[in-house]
Amino acid sequence: MMLRFPNNFIFGAATSAHQVEGGNHNDWTEWEKSEFRILNLESKIKKEEFRKKLPEHLFEKWPTPADLENYISGRACDHYNRFREDFDIAKSLSHNAHRFSIEWSRIEPEEGKFNKKEIEHYRQVIQALRERGIEPFVTLWHWTLPIWISGIGGWENKKTIEYFLRYANKIVDSLGREIKFWMPINEPTVYVGHSYVIGVFPPQVKSFYRANNILKNLISVHKESYKLIHKKLGEKVMVGSAHNYHYHTPYRKWHLLDLLATGVLRYIRDTRSSKWSKDHEDFIGLNYYYRDTVKFVLGGGRFSMIDIKNPDKRVSDMGWEIYPEGIYHVLKDLKKYNKPIYITENGIADAKDEKRTKFIKDHLGWIHKAIEEGTDIRGYFYWSLLDNFEWDKGFWPRFGLVEIDYKTMERKIRPSAYEYAKICKENFLHSQRVL
Ligand code: BGC
């Protein structure tokens with residue numbers, strides 16, 4: 001079967017500053033080196049169960065989950081210096097768009113002191129993309145904070161909203177004419193969940209109450225940024241959200257309490273924040289990775305009475321269930337907002353590159369079905385162009401279309417990248433699926 005995508009459909013890949021650039025100085029770099037974090041990791045990686053939990057092949061290539069350096073972002077992919085080379089690769093793979101983020105801590109390393117050299121750097125990044133016929137999709141904040149902002153309590157402090165808008169204003173004034181697609185904030189719920197509910201990202205807090213306040217601040221900064229960008233740049237630019245949506249299903253299909261738990265989790269993670277931002281977005285940015293199967297449990301676990309029980313079926317190196325059909329259901333649900341949708345992230349950690357081609361094709365197959373049924377989907381960004389620093393997990397999860405040798409910084413295009421490139425080039429997908 002030949003599935004053709006609409007004309008002008010966008011195909012590309014995504015990255016974020018802290019995960020690929022290297023040489024950053026922000027709340028994450030401080031946390032990565034903190035005594036608390038290092039002691040914690042040392043005791044964790046010594047334990048036998050730790051190794052048993054992860055697939056054996058992850059221990060073959062440096063840095064492995066057992067190396068402490070794995071958890072320090074350091075030079076990352078040195079993309080800050082090699083962006084032109086990386087965009088040459090993206091071009092050779094027929095990408096016509098690229099999503100990346102601007103690092104606030106580079107632009108404003110000290111309160112109110114904007115660094116012209118760094119603004120110029122991002123101008124060159126944008127120019128390099130345009131010279132290669134690649135449309136930039138720009139995220140203004142992808143999870144890392146300048147040190148002076150984390151010092152005042154990060155997003156918990158309402159002042160941060162003001163400061164962020166001043167930073168956004170600076171970017172709009174300096175680079176605004178060169179950017180059409182904007183995403184102020186990346187995945188507010190995932191950030192809040194990891195930093196303030198399960199406490200695995202800095203500042204490692206576990207408090208629903210604080211998480212809820214921060215989420216409100218993030219949604220409000222999204223709305224204010226939307227207004228600011230349009231006020232200054234007019235109606236031609238497109239400002240969108242970038243939400244992470246899981247596909248939630250009940251563990252026991254007809255069990256009332258599982259259905260209820262599924263509904264609650266879906267509401268907390270997805271529905272609530274997408275409703276909040278719905279009147280302040282020209283497009284919806286959807287980041288989709290996997291399905292969560294939800295069970296009601298007495299006594300509680302991570303979400304007290306809600307447990308996520310993923311059947312150990314086809315999974316990525318990170319244990320995430322591969323469930324392409326989920327993206328179709330999420331897309332059908334988002335159709336009700338009547339906004340264009342871009343898939344701003346979708347990808348798999350697959351160090352051996354055995355599952356990636358099928359992963360991409362199957363997801364695109366389901367995306368195509370949603371398009372056929374009338375959902376306005378305009379683009380797809382694979383996560384990620386390069387292997388990169390996967391936050392608290394470090395470098396071992398290999399999401400890239402391009403493999404990075406972290407010792408030599410050599411780039412090696414994976415076979416799946418060429419398969420994806422064929423789709424990007426021809427704008428259609430050969431599919432054997434029966435949906
Ligand atoms: C984030 C990325 C991250 C990816 C894979 C997304 O939620 O935006 O920064 O690398 O998931 O975990």
Side-chain angles (χ1 to χ4, degrees), residues 12-22 24 26-29 31-32 54 58 65 70-71 73 76-77 79 98-104 137-145 183-198 200-202 215 218 222 240-248 269-270 273-274 284-292 308 310 315-323 326-327 330 342-351 355-356 359-360 363 380-402 404:
T15 58
S16 91
H18 187 67
Q19 295 178 270
V20 295
E21 283 181 350
N24 279 327
N26 54 35
D27 63 332
W28 267 82
T29 53
W31 178 72
E32 290 157 22
L54 295 163
L58 296 176
N70 170 69
Y71 302 93
S73 57
C77 312
H79 177 72
H98 181 71
R99 177 178 174 225
F100 70 95
S101 73
I102 294 181
E103 176 66 24
W104 184 6
F137 275 57
V138 178
T139 309
L140 291 179
W141 186 71
H142 199 123
W143 297 355
T144 45
L145 294 169
M183 273 159 285
I185 303 286
N186 182 63
E187 296 183 354
T189 48
V190 177
Y191 169 75
V192 163
H194 284 72
S195 295
Y196 291 89
V197 179
I198 53 174
V200 292
F201 286 3
L215 187 60
L218 285 169
H222 167 85
S241 54
H243 280 303
N244 183 303
Y245 295 87
H246 305 79
Y247 175 52
H248 297 100
R269 279 172 156 184
D270 303 344
S273 47
S274 51
I284 297 172
L286 160 64
N287 297 353
Y288 171 82
Y289 285 89
Y290 55 86
R291 164 171 82 155
D292 266 335
I308 294 170
N310 284 334
V315 293
S316 74
D317 288 347
M318 292 172 80
W320 294 357
E321 189 191 0
I322 301 172
Y323 195 73
I327 200 166
V330 173
Y342 291 88
I343 319 300
T344 39
E345 283 180 34
N346 172 237
I348 179 169
D350 176 24
K355 300 173 181 167
R356 188 172 286 104
F359 179 98
I360 295 175
H363 281 81
Y380 175 85
F381 293 84
Y382 176 78
W383 180 274
S384 169
L385 178 64
L386 310 171
D387 282 344
N388 61 51
F389 183 72
E390 175 57 21
W391 305 110
D392 60 316
K393 303 281 181 306
F395 289 107
W396 66 257
R398 302 276 186 163
F399 276 92
L401 292 171
V402 178
I404 303 285

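Numbering starts at 1 and runs along the sequence shown. First listed ligand is number 1; within each ligand, the first listed atom is number 1. What you see is a predicted model, and the numbers here were worked out from it, not measured in a lab.
- The aromatic rings of Tyr191 and Trp141 lie perpendicular to each other, with more than 60° between the two planes, well past the 30° mark.
- Trp391 and His142 have parallel rings, their planes meeting at less than 30° on a 0 to 90° scale where 60° marks the start of perpendicular.
- In this structure Ala349 satisfies the side chain to side chain contact (heavy atoms under 4.5 Å, CB included) test together with Asp317, Met318, Pro397, Phe399, sequence neighbours excluded.
- Note on ring orientation: taking the six-membered ring where Trp is involved, the planes of His246 and His248 are tilted (angle from 30° to 60°).
- At a heavy-atom cutoff of 4.0 Å, ligand 1 is surrounded by Gln19, His142, Trp143, Asn186, Glu187, Asn244, Tyr289, Trp320, Glu345, Trp383, Glu390, Trp391, Phe399.
- Classification of the His98-His79 ring pair by plane angle, with boundaries at 30° and 60°, yields tilted.
- In this structure, Asp270 contributes its side chain and Tyr245 its backbone to no donor-acceptor pair below 3.5 Å.
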